[in-house]
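Because the structure is a prediction, the values reported are computed rather than measured. We count ligands from 1, going down the list as the structure has it; atoms in each ligand are counted the same way. Note that the numbering runs from 1 along the sequence shown for the chain.
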Amino acid sequence: MPQINQSLGEFIIENQNEFKYSSGELSRLINSIRLAAKMVNHKVNKAGLVDIVGQIGETNVQGEAQQKLDVYANDVFVNGLINRNIVCGIATEEEEDFLSIKGRQGRNENKYVVLIDPLDGSSNIDVNVSVGTIFSIYRRVTEVGKPVELQDFLQPGHKQVAAGYIVYGTSTIFVYTTGHGVNGFTLNPAIGTYYLSHPNMMFPEKGSIYSVNEGHYVHFPQGVKDYIKYCQKEEEDRPYTSRYIGSMVSDFHRNMIKGGIYFYSSTSSNPQGKLRLLYECNPLAFIAEQAGGKASDGFGRILDIQPTELHQRVPFFCGVKSMVDKAEEFMQRYD
Ligand code: AHM
Ligand code: MG
């Protein structure tokens, strides 16, 4: 008899009590995201078959060209969360302002806000390379029943109640944490169910992969240049292997399983780097710490940063703890 693992739906119900404010609301919210992710997965898999690949002629708030699939993914996640009356506010990479959700009869009793990058690694869509979704969930800090405010979104990452990502890759995997470890569920596309395939995910103690866009080398701060040279040096367990997909979710996922570090630091033209604190770095930092890894801006813990803007960028070093420690050591020489 083939073994049938626990499904994501069963897992969510079984572990709902672990959550200290358990009211079923967070479970419904994660359920809603898993459903939206199936729809996005379906579309991603068809990219190229229909006229869906390519830019839609708009730019997002970051000034980057939007792909059609970005727009689709954004609509699916946002509408899914709004229609099912499950959150009180949403912030997405694709929209300048956060959305305050009115709720049924004009009053919204929901407690959670979601921040989301609906389709990360979007430059990879046209070329059949893995992309992903990243999400982060907080309890609102303002009064329930009133419209959400910016401060509900600008919370430091250590206040997250849940975070996760989906990689639409050679297979589709849904990985999330509610602060009790990290679990991964692989989608069986034939029956549309995610099954627990990666229980209790942990970064290895040691790693041998470094992931960075070395094209920016001349523009990196000296600490990053030195760290890259350290990774490449013939010594002890080095040189490390270089792997860079250009979809951070996919790079992160591989590094968590195989052992590695991902970094996107400041450059001379972008002093805060490229990645967004609230819906890219914080959720992955939360997952990393839950999996025994580490996430830093080169000088301190990502999850302790007090955000000041919705689309704030931050330098990001994330992966095996000892590797991030080493990168910080190089960075701090030039503090
Ligand atoms: P995106 O959200 O617009 O896709 O940008 C984030 C992505 C990360 O997934 C990836 O690691 C990085 O940008 C790649 O950037 P670059 O092409 O500068 O290396
Ligand atoms: Mg992104």
Against heavy atoms of [X], which atoms of ligand 1 measure under 4.0 Å?
X      : answer
Met248 : 8 (C), 9 (O), 10 (C), 11 (O)
Asp117 : 2 (O)
Glu280 : 2 (O), 6 (C)
His216 : 18 (O)
Ser247 : 9 (O)
Tyr262 : 10 (C), 11 (O)

Which is the closest N/O/S atom of [X] when seen from the Mg ion (ligand 2)?
X      : value
Asp120 : OD1
Glu280 : OE2
Asp117 : OD2

Quiz question: by atom type and distance under 3.5 Å, do the side chains of Thr172 and Tyr194 form a donor-acceptor pair?
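No.
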Axial cation check for Tyr217 ring with Lys229, 6.0 Å and 45° limits:
yes
Would you say the side-chain atoms of [X] pair up with the backbone N or O of [Y], donor to acceptor, closer than 3.5 Å?
X      : Y      : answer
Arg28  : Asn31  : no
Glu280 : Asp120 : no
Asn45  : Asn41  : yes
Arg140 : Thr142 : yes

Scan Phe252, Tyr227, Tyr244, Phe316 and name whichever one has a ring-ring contact (aromatic ring centres under 6.0 Å, His included) with Phe263.
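Per the ring-ring contact (aromatic ring centres under 6.0 Å, His included) rule, the option paired with Phe263 is Tyr227, out of Phe252, Tyr227, Tyr244, Phe316.
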Separation between CD1 of Ile82 and CD1 of Ile101, rounded to the nearest 0.5 Å
4.0 Å
Is there a polar contact between ligand 1 and Ser123, counting only N or O atoms under 3.5 Å apart?
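In this structure, Ser123 places no N or O atom under 3.5 Å from an N or O of ligand 1.
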For ligand 1, which is the ligand I care about here, please tell me if Gly121 has any N or O atom under 3.5 Å from one of the ligand's N or O atoms.
yes
Going by atom type alone, with no hydrogens or angles, which donor-acceptor pairs under 3.5 Å involve a side-chain atom of residues 318-326 and a protein atom two or more places apart or on another chain?
residue: Lys321; atom: NZ; partner: Asp325; partner atom: OD2; Å: 2.9
residue: Ser322; atom: OG; partner: Glu205; partner atom: O; Å: 3.3
residue: Asp325; atom: OD1; partner: Lys294; partner atom: NZ; Å: 2.7
residue: Lys326; atom: NZ; partner: Glu329; partner atom: OE2; Å: 3.4

Can you tell me which portion of Glu214 lies within the under-4.0 Å heavy-atom range of ligand 1? Options are side chain, backbone, both, or neither.
neither
Identity of the nearest option to atom 18 (O) of ligand 1, non-hydrogen atoms only, from Tyr244, Phe263, Tyr279, Tyr264:
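Residue with the shortest heavy-atom distance to the ligand atom: Tyr264.
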